[in-house]
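Taking it in order: structure first as structure tokens, then the write-up.
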Amino acid sequence: MKTDDKILKYLAGILEGEELIKFEKELSEDSGRREQVNQYNFFLADVNKDLKQTVSDHYFTSLLPKVREKISAKDRSNSLYGYFRYAAGMAMIVLAFFTGRSFIPDFQEMDSSLLTAFEIQEIMNSNGNEFSLYLNERDLTDFSQYSADFSHYDESLLDEFMASENSFDETNVLGILDDIVYTEQLSDSVFNNIYDQLKGKEIF
Amino acid sequence: MEPEKDIDLVKAFIDGDESAFNRLVFMYQKKIYHIARNITGNHLDADEVTQEVLIVMYSKLKDFRFEAGLYTWIYRITYTRAINQVRKNSVRKFFSLDDESAQELTSSGNFVHEYENREKIDRIRTVMDELPVKQREVFTLRNFENLTYEEISSITGKTVGALKANYFHALKKVTELMNENR
């Protein structure tokens with residue numbers, strides 16, 4: 001099949017205005033030209049059909065049990081990790097009580113004008129339990145389903161934002177590698193949005 | 001029997017009907033797999049992405065608010081995970097961390113049914129793999145999933161104009177490469 005830029009532009013929806021009108025007129029008057037366009041459509045349908053055949057139905061019948069198994073394993077692991085977090089949190093409270101040291105960071109001092117998600121991740125990692133204590137003290141009770149696993153906060157937060165059609169735009173994300181989100185630099189408002197969402201979560 | 005609606009299944013799932021999730025999986029698993037397969041270019045990555053997406057669906061459906069279509073939400077997750085998988089592979093390839101596994105990734109023959117037109121399918125796959133990711137993704141979503149540019153734009157965050165241009169170049173390359181490989 002000969003490559004014809006005009007037909008390809010037409011199929012891609014690039015032709016506009018007079019050029020489109022002229023081409024559609026050509027199609028209505030020239031059956032040969034119509035046949036060429038049809039050939040492209042048949043070709044694409046053929047490619048589509050062939051590519052959809054590349055995996056067996058057996059794969060799909062075995063997919064759900066595999067996923068179910070992973071979900072159960074994740075639930076078990078989350079529940080164990082929840083106990084661990086609770087114990088760690090209690091240890092921090094006891095430590096804070098006996099040492100009199102404040103573990104609550106002053107978040108107001110953070111320069112959030114241009115924080116990347118990586119930096120936010122670093123903040124979470126370095127503050128860990130202190131951050132959760134801070135949030136608990138503020139009696140932030142929404143989003144009770146959330147479990148504060150800061151080491152994995154990136155993906156779960158990301159998914160949550162996607163689920164809620166929030167203004168956090170996943171297209172900002174350049175990639176997730178080793179549990180770190182690499183993004184374009186976040187604006188102040190996006191950071192505040194993330195911060196507000198995190199504030200709204202029940203940690204333990 | 002009338003096909004079940006997304007909204008009913010999601011509501012049933014939120015209300016504790018686990019089988020509703022199974023039905024959603026049956027409805028969307030092939031679509032998820034094919035998008036992932038076409039963007040990542042191999043079965044192993046597509047399998048990983050598909051499983052990840054289904055797990056995300058399971059844990060996040062309770063937060064879904066139907067402000068956008070369920071399929072758009074699922075496509076967006078699939079698209080992002082697949083693109084991330086491609087990037088991870090590029091990083092691995094760049095540092096040559098696992099040449100052997102990379103070789104394994106490209107030869108997914110063990111997982112694929114033998115078909116009479118296997119040679120033809122392999123040729124198309126080769127052509128698809130030669131497309132830049134930007135072109136491959138729009139070609140996949142537009143041609144295979146029959147999505148409009150506006151829908152693709154809401155999934156990928158790219159402008160309609162850029163998508164049209166990428167689709168045009170993808171079409172051109174696919175036809176040229178298929179002609180060359182004949």
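First the proteins, then the strands, lettered A, B, ... as listed; each starts at 1.
Of the possible polar contacts, one joining the B/Tyr149 side chain to the A/Ala12 backbone as a donor-acceptor pair under 3.5 Å is found. When atom types are taken as modelled, the side chain of B/Asn143 and the backbone of A/Asn48 share no donor-acceptor pair closer than 3.5 angstrom.
Here A/Asp4 contributes atom CG and B/Lys172 contributes atom NZ; the two are 10.0 Å apart, rounded to the nearest 0.5 Å. Taking CD1 of A/Ile71 as the reference point, atom CE of B/Met57 lies at 9.5 Å (rounded to 0.5 Å). One finds the NZ atom of A/Lys66 at 11.0 Å from the CD1 atom of B/Ile55 (value rounded to the nearest 0.5 Å). With rounding to the nearest 0.5 Å, the separation of CZ in A/Arg68 from CG in B/Leu54 is 10.5 Å. Once rounded to the nearest 0.5 Å, the distance linking CD of B/Gln51 with CG of A/Leu63 reads 6.0 Å. The distance from the CG atom of B/Asn22 to the CG atom of A/Leu64 is 4.5 Å, given to the nearest 0.5 Å.
Residue A/Phe43 comes nearest to B/Thr175 through the heavy atom pair CE2-CG2, 3.5 Å, listed as atom of the first residue, atom of the second, then distance.
Using cut-offs of 30° and 60° for the angle between ring planes, the A/Tyr59 and B/Tyr33 rings count as tilted.
By the 4.5 Å heavy-atom criterion applied to side chains, B/Leu171 and A/Leu44 are counted as neighbours.
Residue B/Thr140: no heavy atom, backbone or side chain, is found under 4.5 Å from chain A. Residue B/Val138 does not touch chain A at all, counting heavy-atom pairs closer than 4.5 Å.
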Assess whether side chain to side chain contact (heavy atoms under 4.5 Å, CB included) is satisfied between B/His169 and A/Leu8, documenting all intermediate values.
CA-CA 9 Å; B/His169 289 295; A/Leu8 294 178; over 6 Å; no
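Along residues 11-19 of chain B, the residues that come nearer than 4.5 angstrom to chain A, judged on non-hydrogen atoms, are B/Glu18 in order of number. Inspection of non-hydrogen atoms places A/Gly13, A/Ile14, A/Glu16 of residues 13-31 of chain A under 4.5 Å from chain B.
Across B/Val25, B/Leu61, B/Asp47, the residue that shares the most heavy-atom pairs under 4.5 angstrom with chain A is B/Asp47. For the set A/Val47, A/Leu11, A/Asp5, the count of heavy-atom pairs under 4.5 angstrom toward chain B peaks at A/Asp5.
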